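Worksheet for the structure shown next.
Since we're looking at a predicted model, the values are computed, not measured. Just so we're on the same page: letters track the sequence lines, and every chain starts at 1. In what follows, every heavy atom counts, from backbone to side chain, and hydrogens, waters and symmetry copies are set aside.
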2 protein chains.
Amino acid sequence: MHKALLQHIEKFITLEPSEADILESCLNVTTIKRKELVLQEGQVCDTLHFIIKGCMRQYIINSKGTEQTLQFGIENWWITDYLSYHNTIPSHFYIQAVEKSEVIALDKATLEAILIQIPKLERYFRIVAQKSFGAAQMRIKFLFTMSAEERYHHFNNLNPEFVQRVPQYMLASYLDFSAEFMSKIRAGKV
Amino acid sequence: MHKALLQHIEKFITLEPSEADILESCLNVTTIKRKELVLQEGQVCDTLHFIIKGCMRQYIINSKGTEQTLQFGIENWWITDYLSYHNTIPSHFYIQAVEKSEVIALDKATLEAILIQIPKLERYFRIVAQKSFGAAQMRIKFLFTMSAEERYHHFNNLNPEFVQRVPQYMLASYLDFSAEFMSKIRAGKV
DNA sequence: TGTATTTCTTGAAGTAGTTCAAGTTTTTTT
DNA sequence: AAAAAAACTTGAACTACTTCAAGAAATACA
């Protein structure tokens with residue numbers, strides 16, 4: 001089932017059938033159990049993960065020992081720590097499956113080999129990365145300009161189906177407020 | 001003076017002399033005055049800006065009418081709104097020179113033409129974008145885990161020379177606290 | 001060089017959130 | 001179906017910041 005990735009790639013570039021074949025032969029799908037980690041703090045990240053099905057998250061453990069989610073990834077998203085990946089330095093993050101997920105794990109050596117055979121893919125990864133960076137900037141804008149309650153309602157409006165999929169405390173930390181406060185917002189007690 | 005960009009590119013990929021020539025012939029340096037805007041909220045962003053010299057910032061105006069800086073860019077940084085650029089939608093941001101700056105303004109049409117002639121550059125832009133995204137994730141981590149005072153000292157330690165270059169109120173908003181609070185942190189009154 | 005503008009400082013009052021602790025509900029596993 | 005674990009709720013006390021207002025200092029530019 002690499003179809004999902006091929007389809008995603010073809011939103012941005014056009015592959016020759018032969019190129020699609022090369023790509024398919026290099027990829028394999030793995031299943032990740034709920035709560036399983038694909039990256040731990042301190043590890044050097046050398047793998048990109050493309051989510052075919054399911055939900056992953058990138059999180060940290062703060063000084064009080066509480067998890068804080070920095071990023072969610074769902075179907076058709078790449079999730080990884082690019083800073084650790086490019087600089088070969090220990091990651092600050094954990095990456096974990098929120099629900100049972102199917103992903104394509106693409107390690108650095110394999111990716112470099114693929115990029116030599118299909119240089120066109122550089123373009124695909126460029127565009128994906130630029131859009132991700134753009135999205136991160138919008139995220140910072142929302143964190144800066146909206147109150148906790150506004151962030152909750154805004155997220156809820158944009159992603160009503162997604163809110164059902166993750167525990168509230170994870171979403172609360174992603175929106176940068178406490179799980180208790182989330183509870184009060186939902187109950188209208190704020 | 002395109003040297004700065006060529007040097008930056010050659011940190012990531014190797015160009016043939018002929019490719020460097022093509023590139024040079026497509027670029028021109030412009031000078032931007034202090035406070036001059038290269039992007040306004042509501043405009044579609046179709047240009048990437050490479051900073052050769054000086055300092056630029058991306059900011060918004062919040063609901064209280066106050067400017068909040070989301071991103072600074074200095075020598076050897078690209079600054080743009082990639083989401084507006086890729087989706088051809090109105091930008092949420094202003095991009096402005098903090099000090100008199102020399103930049104290479106690369107518009108979409110020119111860039112696409114260059115990328116056709118020198119596809120290798122896709123790789124350069126990919127790596128730059130991935131590292132930028134990685135940096136944005138770290139920025140979110142710091143915003144989430146550190147107190148205002150910790151963010152100030154952390155930033156100060158990492159970028160002592162930079163802190164001298166920008167007004168404190170801009171840095172305060174970048175670190176997500178008020179100018180008044182910054183003043184108190186600096187005076188040790190907190 | 002002088003004047004206008006921008007930037008920085010200070011204290012007092014207010015508030016949007018956090019933290020803690022305990023109980024309840026829901027979900028998962030056996 | 002029962003037991004265990006995970007997730008959610010509630011109120012009371014607290015605190016890290018903001019806002020406002022006014023004056024002082026620094027910087028820009030005519």
Side-chain angles (χ1 to χ4, degrees), chain A residues 32-37 54-55 57 59 61-69 72 96-101 142-156 162-190, chain B residues 32-37 54-55 57 59 61-69 72 96-101 142-156 162-190:
Chain A
I32 305 182
K33 286 195 287 263
R34 200 170 99 89
K35 305 219 165 174
E36 190 179 331
L37 293 165
C55 179
R57 65 168 179 146
Y59 70 95
I61 297 181
N62 66 22
S63 54
K64 277 153 209 140
T66 313
E67 296 173 0
Q68 290 194 267
T69 300
F72 287 109
Q96 183 194 51
V98 174
E99 51 189 58
K100 189 183 162 202
S101 302
F142 294 137
L143 289 169
F144 274 21
T145 57
M146 291 176 168
S147 70
E149 202 179 352
E150 287 168 341
R151 293 198 298 277
Y152 172 73
H153 288 122
H154 179 254
F155 190 89
N156 230 331
F162 180 76
V163 174
Q164 306 303 116
R165 281 172 74 172
V166 301
Q168 279 175 46
Y169 74 89
M170 280 187 199
L171 184 54
S173 75
Y174 176 79
L175 296 174
D176 201 22
F177 47 75
S178 68
E180 291 91 338
F181 197 65
M182 165 83 106
S183 210
K184 286 162 194 169
I185 291 172
R186 286 164 49 92
K189 296 187 176 165
V190 50
Chain B
I32 306 180
K33 287 194 285 262
R34 199 169 100 89
K35 303 219 167 177
E36 190 178 332
L37 292 164
C55 179
R57 66 170 179 144
Y59 69 95
I61 297 182
N62 67 21
S63 53
K64 277 154 211 141
T66 314
E67 296 175 359
Q68 289 193 269
T69 300
F72 287 109
Q96 182 194 53
V98 174
E99 52 189 55
K100 189 181 159 203
S101 301
F142 294 138
L143 288 169
F144 275 20
T145 56
M146 292 177 168
S147 69
E149 201 180 352
E150 286 167 341
R151 294 199 296 279
Y152 173 73
H153 288 122
H154 179 253
F155 189 88
N156 228 331
F162 180 76
V163 174
Q164 304 305 115
R165 280 172 73 173
V166 300
Q168 279 175 44
Y169 74 89
M170 281 188 197
L171 184 53
S173 75
Y174 176 79
L175 296 174
D176 200 22
F177 48 74
S178 67
E180 293 91 338
F181 197 65
M182 166 83 105
S183 209
K184 284 161 193 167
I185 292 171
R186 286 162 49 92
K189 294 186 178 167
V190 51

Would you say Phe162(B) and Phe155(B) make side-chain contact, with heavy atoms under 4.5 Å?
-> yes
What is the minimum heavy-atom distance between Glu150(B) and Thr145(B), and which atoms define it?
-> OE1-O, 4.1 Å
What do the steps show when you test Phe177(A) against Met182(A) for side chain to side chain contact (heavy atoms under 4.5 Å, CB included), and what is the final call?
-> CA-CA 7 Å; Phe177(A) 47 75; Met182(A) 165 83 106; 3.7 Å; yes
Please tell me if the side chains of Asp176(B) and Gln68(B) come closer than 4.5 Å, counting only heavy atoms from C-beta onward.
-> yes
Protein-nucleotides 13-21 of chain C N/O pairs closer than 3.5 Å?
| unit_1 | atom_1 | unit_2 | atom_2 | d |
| --- | --- | --- | --- | --- |
| dG17(C) | OP1 | Ala148(A) | N | 3.3 |
| dG17(C) | OP2 | Ala148(A) | N | 3.4 |
| dT18(C) | OP1 | Ser178(A) | N | 2.9 |
| dT18(C) | OP2 | Ser178(A) | N | 3.2 |
| dT18(C) | OP2 | Ser178(A) | OG | 2.9 |
| dT19(C) | OP1 | Lys64(A) | NZ | 2.9 |

Pairwise side-chain contact, Phe72(A) with Met170(A), heavy-atom cut-off 4.5 Å (strictly under) = yes
Answer yes or no: is there a side-chain heavy-atom contact under 4.5 Å between Arg186(B) and Tyr152(B)?
-> yes
Closest heavy-atom contact between Leu143(B) and Leu175(B)?
-> CD2-O, 4.0 Å
Separation of Gln168(B) atom CD from dT9(C) atom C1', in whole Å?
-> 10 Å
Closest heavy-atom pair, Cys55(A) versus Ser101(A), reported as atoms and distance to 0.1 Å, is N-OG, 3.0 Å
Please name the pair of heavy atoms, one in Arg165(B) and one in Glu99(B), separated by the smallest distance, quoted to 0.1 Å.
-> NH2-OE2, 2.8 Å
Can you pull the contact range of chain B along DNA chain D, 5' to 3', using atoms under 4.0 angstrom from its heavy atoms?
-> dC17(D) to dA28(D)
Once you round it to whole Å, what is the distance between P of dT7(C) and CZ of Arg165(B)?
-> 16 Å
Is it true that a side-chain atom of Ser173(B) and a backbone atom of Thr69(B) form a donor plus acceptor pair closer than 3.5 Å?
-> yes
Bend angle of the helix from dT1(C)-dA30(D) to dT30(C)-dA1(D) from five-pair axes at both ends, rounded to 10°?
-> 70°
